[in-house]
Amino acid sequence: MTFDKKQVVYQIYPKSYKDTTGNGVGDLRGIIEKLPYLQELGVDVIWLNPFYPSPQRDNGYDVSDYTAVNPLFGTMDDFEELAQTAKKHGIELMLDMVLNHCSTEHEWFQKALAGDQYYQDFFILRDHPTDWVSKFGGNAWAPFGDTGKYYLHLFDVTQADLNWRNPHVREEMFKVVNFWRKKGVKGFRFDVINLIGKDEVLKNNPNFDGKPEYTDRPINHDYLKMLNQASFGQDQGGMTVGEMSFTDIENCVQYSNPNNKELDMVFNFHHLKVDYENGQKWTLKTFDFEELKTLFHTWGEGMSAGDGWSALFYNNHDQPRALNRFVDVKNFRTEGATMLAASIHLSRGTPYIYMGEEIGMIDPDYDSMADYVDVESLNAYQELLAAGKSENETFAIIQAKSRDNSRTPMQWDASPNAGFSTGTPWLKAGRSYPEINVENEKSGQIFTFYQTLIKLRKEMPLISEGVYKAAYQDSKKIYAFERQLDGQKLLVLNNFFPENVTIQLPADYQTGKVLLSNYDNVELTENLVLQPYQSLAIHLD
Ligand code: TEU
């Protein structure tokens, strides 16, 4: 059986979820403690960001040992207890596999540096580097010891890209996945997995920092088929998702069409660049609704037509909170949070909830650069100043764009540090926690709306399986789509603006049933007024 399309995934950034030891860092036991909360929400799978041994240069995405637990987060016994207890709550685990690169502190890299040729071939070493730019800024190549060669690091200088062309590397990677499978894990999220397949000859390319030369190469699909066959493809059920950086629909269909036996589904990020000026992240711009709507429609229909499958999300550990980006959060936090939720949970794909989203958490609103810790933000800060921006301008950009925005401690209650830790948190809690916290929100509209959305997906094949059709494509304010299955239809209307919008409702839908709305007392009339950030789903059977 392939994965279950009725399932909903909840993402936990372990470092920031719940600290049970008082060391300021969240831990596996903290997640065990919160399983009843997650069961109450109704999620089926929890994706955990990396908790393996790591120098934490990139918060665990710089792995120095793939098959152990970083003592910062607990022990292997804690992990096993978490996996077992989660099952009792009807929850499966999804682990983060960072197979494109490893930490330069990993013994493979250390042996390579010491001259071991077997391990040198684990990395991408060249006499002459290309002109590629690292995704975290600066040159993507660094001197490999004093050999005169350079090693490739698409991310931080301490994250060395692995050479998947080497069969020994592939074997090691398969072993990693199988190690966790033997512990009962059936869910895997593969970090930047469309970058693993590098060509033999690497070419200069000044466009897009060189990305076209190393992204979605044809051989990448071969490696995914091999990984599938050698590991998770042997399981019943389970769920795999690949993070696809700078990708396109054609490749994503290929990665996720079940006939290809690569992955169950893909993340893409195009819809999260609609507030980038000229495609550049470190800029300030109001989001472009037209672009967002068009992207949702093109991807929704394209993936549907090619029998591909998308992971649906607005938030994750790399993104500022969607409420701050797409909604007038000061005036309409609840309406905005529920509308955004409906716009993906009723769509075609698997919805992902990022911790805190279910209570409408917002960016922390730090007032000093000293509060930020992420390597990407710190690099960007220096680069923006060096490019001549003023300190104020630069800080405003970091405030809006930093990945730390989503990594702040989960807000449990109004006690110090948002009830996350009794020690000093590794990252300061957001300013909003006295009001926005689980204790306050659990019986509130946002949390209960998420519960309903999760339940509806389980009950209605129309939601979990139906095809996706764009609707009201010309609207300047409404993002709408239809789902269709076996003669049944669902129309989902989402007002992305803080004002009333009137639309013409087709005659058949005027006789439909309101399945869900974030406003009460909806009447289905020909001239239908959608209130600020209203979401409305109309069912016809
Ligand atoms: O992110 C991949 C990625 O492309 C990021 O650069 C992302 O676009 C960026 O963070 C947005 O600002 C993955 C992980 O999700 C991220 O946390 C890691 O830092 C990165 O891979 C390297 O492993």
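The basis for the numbers below is simple: all heavy atoms, side chains too, and nothing from hydrogens, waters or symmetry mates. The residues of the chain are indexed from 1 along the displayed sequence. Ligands are counted one by one from 1 in listed order, and the atoms in each one are counted from 1 as well.
Using cut-offs of 30° and 60° on the angle between ring planes, the pair His106 and Tyr66 is tilted. Ring pair Phe326/Phe287 is perpendicular by interplanar angle, where above 60° counts as perpendicular and below 30° as parallel. Between Trp164 and Tyr223, the ring planes are tilted. Angles from 30° to 60° get that label.
In summary, the aromatic rings of His317 and Tyr61 are positioned with their centroids under 6.0 Å apart.
Ligand 1 lies under 4.0 Å from heavy atoms of Asp58, Tyr61, His101, Phe136, Phe155, Gln159, Arg189, Asp191, Val192, Glu243, Lys281, His317, Asp318, Glu376, Arg403, Arg407.
A search for side-chain contact (heavy atoms from CB on, under 4.5 Å) contacts involving Asn166 returns Asp121, Phe122, Asn163, His168, Val169, not counting sequence neighbours.
With salt bridges taken as basic N to acidic carboxylate O contacts below 4.0 Å, one links Lys428 and Asp371.
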